[in-house]
Amino acid sequence: MSPCRAPSVLGNETGVLVWGLVAAFGLTALLTANPKAAATGEAAAAGTVNRLAPPPSTGQDAARSPRCPTVRPGRPG
């Protein structure tokens, strides 16, 4: 797997795991019935995403990243 895709796959799989655990313990019913608990969960999720998100790259820096090279159609890479 490309090192550029690994964080995306890991994040997706972690989200599915957390969702499965929450559903298994019946917390989805609690979050549906209690808007305050749902808002708290959303705030925690937003904080986690904000903490884990990489800083935005600008202009030529993103295009020249050695870790995640740009693959152009029709060219091997």
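These numbers were taken from a predicted model, which means no experiment stands behind them. Note: hydrogens, waters and symmetry copies are ignored here, and every other heavy atom, side chains too, is used.
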With Val18 as reference, evaluate Val22, Val16, Leu21 under the side chain to side chain contact (heavy atoms under 4.5 Å, CB included) test and give the passing residue.
Val22
When rounded to the nearest 0.5 angstrom, what distance separates CG in Leu10 from CG in Leu17?
10.5 Å
Run the numbers on Leu27 and Leu30 for side chain to side chain contact (heavy atoms under 4.5 Å, CB included), then give the verdict.
CA-CA 5 Å; Leu27 294 177; Leu30 170 69; 4.2 Å; yes
What's the separation between atom CD in Glu42 and atom CG in Leu31, rounded to the nearest 0.5 Å?
9.0 Å
